[in-house]
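Working notes, beginning with the structure itself.
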Amino acid sequence: GVRLLLHGLCSNTTVKSLDLKGNNLRATGAEALGKLLRQNKSIRSLTLEWNSLGMWEEGFSFFCQGLRANSFLQRLDLRNNQINHQGAAELAMALTQNTSLQELDLRWNNVGLLGGRALLNCLHSNKTLKRLELAGNNVPGDILKAVEQALDHNQDREAILSEAQNQVNILSKEVLSLKDEKNKQFMDFVDTVDKQKEERARSEKMSAARVSQLQEALDEQYSIMNSLKTKLQMTEAALALSEQKVHNLGELLNAMKQEQSSVAECHFRELQQQKQEGADREGRLLHDLSAASEKNLLLRNQVDELERKCKVQQDQLFQVKQDLTNTAAELKLRAVEAEERLEMEKRRFKQSLEDMESLRAKEVGRVAQQMEASERSMHSRIQRLEAIRVSLDEELSQVKAAALAERGRAEEELMKVRSQARLEEQQRLEHLEEKLRLMTESRDEAQNCCLKQKEMVAEAQAKAKQLSLYADGLRRRLDELQQDLDSKEEEKVTELNKVKVELQEQIGHLEAERTAQDGLREKIAALERQLKALSSNHREALLDKEGEISLLLEKLRMKEAEISRMREEEAQRASFLQNAILAYVQGSPLGTHTSRK
């Protein structure tokens, strides 16, 4: 039943959560689950509690292979499934390549020490798992703590990535808004320029109309001058007036030109002001960013100062407690406890440093292995292509050699046939000559022999025709062979061109992969820089802690010296008091009486 159900769900695209709790799934069910995880792309949550999947090793291995290939499942519940350390190791192998699972519940199984170590090792390469429940699995406490630290590291990493992505989105939005504003300003400027051009065209049209009107008036005046010679003075006055008008119009035109130039300068100044405003805005944004970074630095400095103050207050409290302690035993106990704490902190810091170094070494090794694998695959591809090219060249040479051999054979056959035909013709001619000599002896026999010879000549001619036809067939065959050779050579040339094109495409892909490898190298360099920064920070913190430890040890030594000095002073005082009491007792009359008694 489970097999049929899961087979139907393989092609389903709507089911998001699947609960199969307590269904007694066996090996076939585990295999069907592995197939479902390989093919289904919609299920995000899978609950398999109380199914004893760990009892069937082969089926559970199929299930782990499906989990390894799945990239959509986010939550997996495997409580009470009798999973031992081998099943946990297979799960760890699957988790090293899984990039989608965020929650895994393995409570109340039998993972043990080895399974816990395998899961802890897989968390070094898995960066997406946020929650891993291992209660009731006989896993030691230190491994559980290490697992929690690794999960916390994954959560912190995801939080940092999300914050960085949010900051990038905010900055990209601001940049887009600035680009939109600049585009709007540019479009406004273009609109103003178009409007100015339209106004200029209108003013030019008006001036042309006015000039045409003036020309018409001048024509009328010239006609009046021609028709009315008697009124020369009036026409001269009209001409003077018209000249004054033309001068006024020229002055108006000059004024218009000056106004247009001044308007263009104003617009140019406005554009420059807008550009300066945009640059000022960009500078303000950069200043705001620098101010924000400075605020972050100030906040960090304040946090450091608060931490120092807390340390100072802790030292003061420790001193007050030391002053309150009056006995040497309490001081010794506190010194022993402080030494134990310091040793524990040293061990913790050493363990954290070793874990960080191992993580860095593993990540660097993994990236180096990936780079080496990609380079090996590239070399293998290049070698295969070179082998293909060499084999093609060899095939071409073989085909050419076979064609040449066939040509030689055909020519040899032609020579043999021609030589045979010549020999036969010579032999026949010799026979004919002998027969002609015999025909001189007897005509009758000669006539019969002539008839026979005619028949033999006819047969020879037929054979010669057949030989000529055979030679023509051989020539045709040679022509066909040459055509076949030409066609094969053309096909080989086309195949070589195709291979060259494919090689060029593969070279392009290889160059793209090289660029990707360069990007990976840059990422590796960035990661190494981050690791160096983290290591330097850890070293600084260790140096600070060691300085604090040295200060505490010096304070302890000072206190011990004071305690020893106080003891010596008290011993001296006690000795002085004892001597004084003895002296007093010996000097008193009671002392003498007691001594006499």
Side-chain angles (χ1 to χ4, degrees), residues 1-12 14-98 100-120 122-123 126 128-141 143-144 147-148 151:
V2 169
R3 187 190 298 170
L4 294 172
L5 175 63
L6 297 177
H7 181 71
L9 287 173
C10 285
S11 60
N12 187 279
T14 57
V15 176
K16 299 294 179 66
S17 179
L18 181 61
D19 191 350
L20 296 174
K21 180 167 62 176
N23 277 287
N24 194 17
L25 301 178
R26 300 198 178 192
T28 56
E31 291 177 1
L33 282 170
K35 183 179 178 182
L36 174 69
L37 290 175
R38 282 195 193 92
Q39 297 181 3
N40 189 278
K41 297 182 181 180
S42 63
I43 292 175
R44 301 290 185 271
S45 177
L46 181 60
T47 303
L48 299 173
E49 186 181 357
W50 292 103
N51 279 298
S52 301
L53 292 174
M55 293 176 65
W56 316 98
E57 294 181 357
E58 293 182 358
F60 193 70
S61 66
F62 278 112
F63 173 75
C64 291
Q65 289 175 5
L67 181 63
R68 184 185 302 170
N70 187 280
S71 60
F72 299 95
L73 189 66
Q74 296 178 357
R75 183 180 177 277
L76 180 59
D77 189 353
L78 292 173
R79 288 180 290 175
N80 291 307
N81 272 283
Q82 298 182 11
I83 299 170
N84 55 10
H85 62 91
Q86 294 178 355
E90 290 181 356
L91 264 177
M93 290 294 290
L95 288 174
T96 54
Q97 296 184 6
N98 187 281
S100 63
L101 193 65
Q102 297 179 1
E103 296 181 7
L104 178 60
D105 197 346
L106 292 173
R107 288 181 288 179
W108 308 110
N109 285 295
N110 193 13
V111 173
L113 176 63
L114 298 175
R117 285 181 180 173
L119 291 170
L120 178 60
C122 80
L123 288 176
N126 190 309
T128 58
L129 194 64
K130 297 180 183 177
R131 183 182 176 190
L132 179 60
E133 297 290 341
L134 292 173
N137 278 284
N138 296 322
V139 180
I143 292 175
L144 291 174
V147 169
E148 289 178 358
L151 294 173

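What you see is a predicted model; the values in this text were computed from it and never measured.
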What distance do [X] atom [atom1] and [Y] atom [atom2] have between them, rounded to the nearest 0.5 Å?
X	Y	atom1	atom2	answer
Leu37	Leu67	CG	CG	6.0 Å
Asn80	Ser52	CG	OG	8.5 Å
Ser61	Arg68	OG	CZ	10.0 Å
Met93	Cys64	CE	SG	10.5 Å
Arg3	Leu5	CZ	CG	12.5 Å
Thr128	Asn98	OG1	CG	6.0 Å

Within the 4.5 Å heavy-atom criterion, are [X] and [Y] side-chain neighbours or not?
X	Y	value
Arg44	Phe72	yes
Phe63	Leu48	yes
Ile143	Leu119	no
Cys10	Leu36	yes
Leu151	Leu123	yes
Val111	Asn138	no

For residues [X] and [Y], report the shortest heavy-atom separation together with the two atoms involved.
X	Y	result
Ala118	Ala89	CB-CA, 4.0 Å
Arg79	Asp105	CD-OD2, 3.2 Å
Arg107	Leu134	CG-N, 4.4 Å
Gly66	Arg38	CA-CG, 3.8 Å
Leu106	Leu78	CD2-CB, 3.8 Å
Phe60	Ala30	N-CB, 4.1 Å

Has the side chain of Asn109 got a donor or acceptor atom that lies under 3.5 Å from a matching backbone atom of Asn137?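 No, the answer is negative, given that no donor and acceptor are paired below the 3.5 Å cut-off.
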
Asn81 side-chain N/O to Leu53 backbone N/O, donor-acceptor pair under 3.5 Å: yes

Determine, stepwise, if the pair Leu101 / Leu129 fulfils side chain to side chain contact (heavy atoms under 4.5 Å, CB included). CA-CA 6 Å; Leu101 193 65; Leu129 194 64; 4.3 Å; yes

Sequence neighbours left out, what passes side-chain contact (heavy atoms from CB on, under 4.5 Å) with Asn84? Give chain and number order. Gln86

Who passes side chain to side chain donor-acceptor pair (under 3.5 Å) against Ser11, sequence neighbours left out?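 Testing Ser11 for side chain to side chain donor-acceptor pair (under 3.5 Å), a comparison that skips the adjacent residues, returns none.
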
Derivation and outcome, side chain to side chain contact (heavy atoms under 4.5 Å, CB included), residues His85 and Arg117: CA-CA 9 Å; His85 62 91; Arg117 285 181 180 173; over 6 Å; no

Does anything in residues 14-29 pair up under side-chain hydrogen bond (donor to acceptor under 3.5 Å, both in side chains), and if so which pairs, sequence neighbours excluded? Asn12-Thr14

Take Val15 and Asn40, measure what side chain to side chain contact (heavy atoms under 4.5 Å, CB included) needs, and give me the verdict at the end. CA-CA 10 Å; Val15 176; Asn40 189 278; over 6 Å; no

